[in-house]
Novice: 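The structure under discussion is supplied below as structure tokens; questions concerning it will follow.
None of the values given here were measured: they were computed from a predicted structure. Just so you know, ligand 1 is whichever comes first in the structure, and atom 1 is the first atom listed for that ligand.
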Amino acid sequence: MASRPGKTAPRLLQDLLTYDARHEERAGRNLLTSSPPHFDPDTPPEPAVPNRNCRHIFMTKPEQSVLPVGGEDTTHNTVYKIASFCQKCRFHLQLVVDFRDHGSKTLPCRTASDEFPIHHFVYHPAAPATNGHQHEPHTHAFQCTAPKCPVEVRIRLLPPRFTDSDIHLLTNKVALKKRLDAAKEMNLDRADAHTARCVDALDFLSTYLQDSLSPKQGKARIPLLNRKFLKTFGKDCDAILKSLGFTQAVELEDDGPVEVWHLPKPPAAARPLDSDTTRTVIEDARYELNSLIMKFPESERTNVRHVMFQPQPSINDIQRALGCLDYGKRPMTRAESRADNRDEDHPYYAGLGAVGDFNDALLLFAFARQSAVDTRNSTYYFECLQGIAIGRKSPVLEEQVMVMASQGFTNRKEVEDAYRYLGLDPSHKAALTDDIIISQFRARLGSISPAVVDETRSMLRIIGNARGSNDIIQEASNAIESYKQALNWLELEESQQDEFVVTMYTLKTHEHKSSIPTARKAVEIIAEARNSERLREFLESGELKGDATMDLGEAYALLQINDRTILLDEEVLLQQLTLAIQDSPEREAVYREAYDLIRADQKKRPKNSQTTSGSPRKVYPLAIWPVGCENIGNTCYLNSVLQFLFTIKPLRDMVLDCDRHFQELTHEALKDKLVGRSAVTAEKVEKAQQFVRELRKLFECMITASTSHVRPETQLAALALVRPDTVVPNTSAVDNLTSNLGQLNEDAQAMELTNSTDDDIGNADRPEPPSRPPPVPPRPQTSAQANIKAIEGYAQQHDAAEILNNIFDLFSSAFKGNGVLRDGEQNDLIKELFFSDVTTVMWAGEKINRNIALQDNHLISPGNRDRPLYAALDDEFSLTELDHAEEGEVKRKYDFMSKASPIQIINVRRLVLENKKVMKDDSHVALAEILYLDRYLGHTDSLSEQQLRALKEKQWHLRQKLKDLKARKQMLEGTEVKLSLSASVNECSNLIESLHKQKEDNLIDVDDDPLPPIPDIHGYLAVKAQALREEEAGIEAEMKEVDQNINNIFSGCKDHPYRLHSVFMHRGSSAGGHYWIFIYDFQNKIWRKYNDDYVDKVEDLDAIFKKEVKNPATSTGIVYVREDKINEYTQAVCREPERNASPEIQMIDAPDTTEYENIPVINGIAKES
Ligand SMILES: [Zn+2]
Ligand SMILES: [Zn+2]
């Protein structure tokens, strides 16, 4: 059943009595069909029913109704219809209670029943008629939720037959006076001296209609020139008459043609359940006229012809039909029953679909029904019940509620507290999957004291109960029942061997002897699931037979870690593994096992401030030092990106003050919003804003944390890593994440702003390598990490550049723009800070094409040799010949920045395809602290476009030379026998020489196959080889020189300086590794390394600017900021740590602040001296 709350019959009736279609919009919801808003005890309740709504008094129209009779039993053919109209607002109500059913529903709810004493209805929007009957338009259908109750209620409300302006037209004194004047002009001799009374039109109309319902001879028509008619209706009431079925005609009488009105001719009375006819219309009109005439004071309606009648109130009939004429009511005080303002019952009653006079038993019934049909909100319903129990001071109900609480019922607040207890934001509960909650719980378990484990479990149980999640309840109970749970308990992956199961068993039980029974059970389950004889033997004998288990010492030895007592850096350990596998790939499995073992061992070490070298890690004063971000999965480059964003001051400020900048969600506001050339949906904006709010939370933490590092929320990672328009993290976010990966990859292509030009250019001088830096390798995971796998999976396939691109897209979606760029693209802070206009000039023969694209980064290739950044950038901007040129015509292109953004992001393509294998290009890109952008622009302050172009052409010429040298070098380096050309020639020379020697020694018979008679061939070849070697060395030097010359061309171009701000770094192979970021603090003039948890000062700048010898770390992203903007746009330190640290986290005090006295600026404010 759909999760939608219902309401009991008395509640439905009460809502019906106050539902006013005229003011629905003002009420903000349809009181009849929508679920009431959840009451928030912290805000004062709003009136449940808007004041102007009519409190209807329904009167029965018996000729249109099939009324229930007291004491009568319903059958499977019973249908009641109460046709009524409201005396006050004249709306007509058709309420049908349909007991018909052709299936198994044969037991309608009834007061006498213990189980289902009253109906509990759920609204069916556009309900397919459950009983096989077609519904009238605008019918609201409700179905009883009791499993065996067939009852369906259909409610139809029709507006009055006479509109307010109709009534005005018929009764207004001014109009009547005008009609009299008109009548006098038309027909003087028969004119009347007095205007018609206000009541007359209504009175006459009622009489005419009465006559039409029961026709009498001679009264079927009204002559138009009848003086009474003329002064009462004139000619301006024709529309009203026609709408009631009157018709106009011209008839021949003795004294000529006469205009007349014919009375309506309604059909004979139909059966009440059939559709409405003109007869119904006329009947309705008469009821309305009756009410209207009765409202006139006696004195104004003397001698009316209309026979007044008093209809009967419908309320009892409606209650009887709905089965709630008599239900269990609570005893009320006199004052309470006198007040009788039921529409202002406490909102908790509406929440339960109940009304205020329910007795306790019926309230419990309403709670049970409501929780059963809308489990998602059961915690709210329990809160309602609790609230009412307290409000009523009913001991019985209070006791009942307490019993229920002990059985695990929880209210909304308790559940929200439980989420918060586990460090989750309850407002995201819909987006959190069970898996995320469980992994959060496990992560908590790892870091809390044993004393609060039970409490933590009970919090998880509350969440499990509230969500109805068996997985969570199981997890909370700590029971090991399944293979998966057994693996989790031992922190194992399914792929890990029996040996490792035993290792983990030993580690676990060694720590806590008390856990032996549980651990044994886990191993038993694993032995069973794997059908492992060896594990069973182990359980019996305590030994693992067969292959020897790797011992911890052996593991350390295998990875060449001599001192097993130190605390290893994760990165170092991984590096050892990578190196070991590189040396002997065939032993990979053994190394990985050793790695697992060491990692598990390391994890048990208390986290102290020791580093690999054994020297104490530096502790920085909290108040002036940026905080680190814990690695919540294999998402370290996400941390790099977040740290980077934090240092961009205007961006950080905007995030911190995001509410003021958010895009409104109206259709009007979104209509023209284009981000990345795509329209933006309200849903995407909401997701993007959710991301920004999460980011604000993190930023606030990073400013105020009283610790040296903070933990980003999983939710933030999910939102940052996944495009908002493709994946909506919802209750099954993890599934979605994985299932959408394929799609995401495609979308990433489509979204790139720079793609338009690339399409037809291609990449002329290089094969298209994969554009991503190395993914993070599948590391062995602890169980706590296992469940953010989906996010990691996404992270593995996308690099920092894509993540940054995605985040820019999120920002632009979340924030309102401040103007419009080319092609309707939204202008905003992101565009102003990061997006350049890149113009591509392309020509073949005479035809020149110019294309401008918005671009948030430049992608360079290191090109397999160490060289300066300029050289790599030149590749991207210089003249290029395109491969697929038209016949005879060479197609060429070059790029320049027609508008350069103040923050320039340069991404480095580190992965290359070599022999169909993905390799990492470790070449060093040498960075300068200042990058002059002049040569990549269209013109500079001092050089016109022509002057700059002339320099560029000089450069292009040299680059062509460089290209030729490169080709020659390649030829010299590589031959088919995998030797360089010089070595090949040398080898050849050696061979011939040895053959000659052999000949001289007569060791072989050479008569049949004489050697060519070239004297001293080997000597010649040896000389040649030497020459080639020299050439090879010479080319290397020459290339360097040309590089230098190219640089010299632009040595005078220094109008546009940019300062190096940050470098994204990676260490590892194409298969995996680790990311961090170096960021320069312009205010304090220091470089820092942001490595997940740790933010350290970089003492040796070679780490950033020089190439390491072995297994070098490489840059994957480089950021420069325009020199005149460095202080405005960047600020690395922004800290205001809170004084009182939370008790869970240990406060670290700076041991020695004097060391930092040379730091002149804190939080952008110069220190007092
Ligand atoms: Zn009304
Ligand atoms: Zn029922």
Novice: Kindly say whether the aromatic ring centers of Tyr287 and Phe85 come within a distance under 6.0 Å.
Specialist: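 Between Phe85 and Tyr287, which both carry aromatic rings, the centre distance is below 6.0 Å.
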Novice: Walk me through whether Leu12 and Phe142 qualify under side chain to side chain contact (heavy atoms under 4.5 Å, CB included).
Specialist: CA-CA 9 Å; Leu12 180 66; Phe142 296 82; 3.9 Å; yes
Novice: I would like to know whether Tyr381 and Phe367 meet ring-ring contact (aromatic ring centres under 6.0 Å, His included); could you show each step before the answer?
Specialist: CA-CA 6 Å; Tyr381 302 135; Phe367 166 73; 7.4 Å; no
Novice: Rounded to 10 degrees, what angle sits at the Zn ion (ligand 2) between His119 ND1 and Cys149 SG?
Specialist: 100°
Novice: How many degrees, to 10°, between Cys89 SG and Cys54 SG as seen from the Zn ion (ligand 1)?
Specialist: 110°
Novice: Would a line drawn from the ring center of Phe358 to the ring center of Tyr349 be shorter than 6.0 Å?
Specialist: no
Novice: Among the N/O/S atoms of His56, which is closest to the Zn ion (ligand 1)? Give the atom name.
Specialist: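 In His56, the N, O or S atom with the shortest distance to the Zn ion (ligand 1) is ND1.
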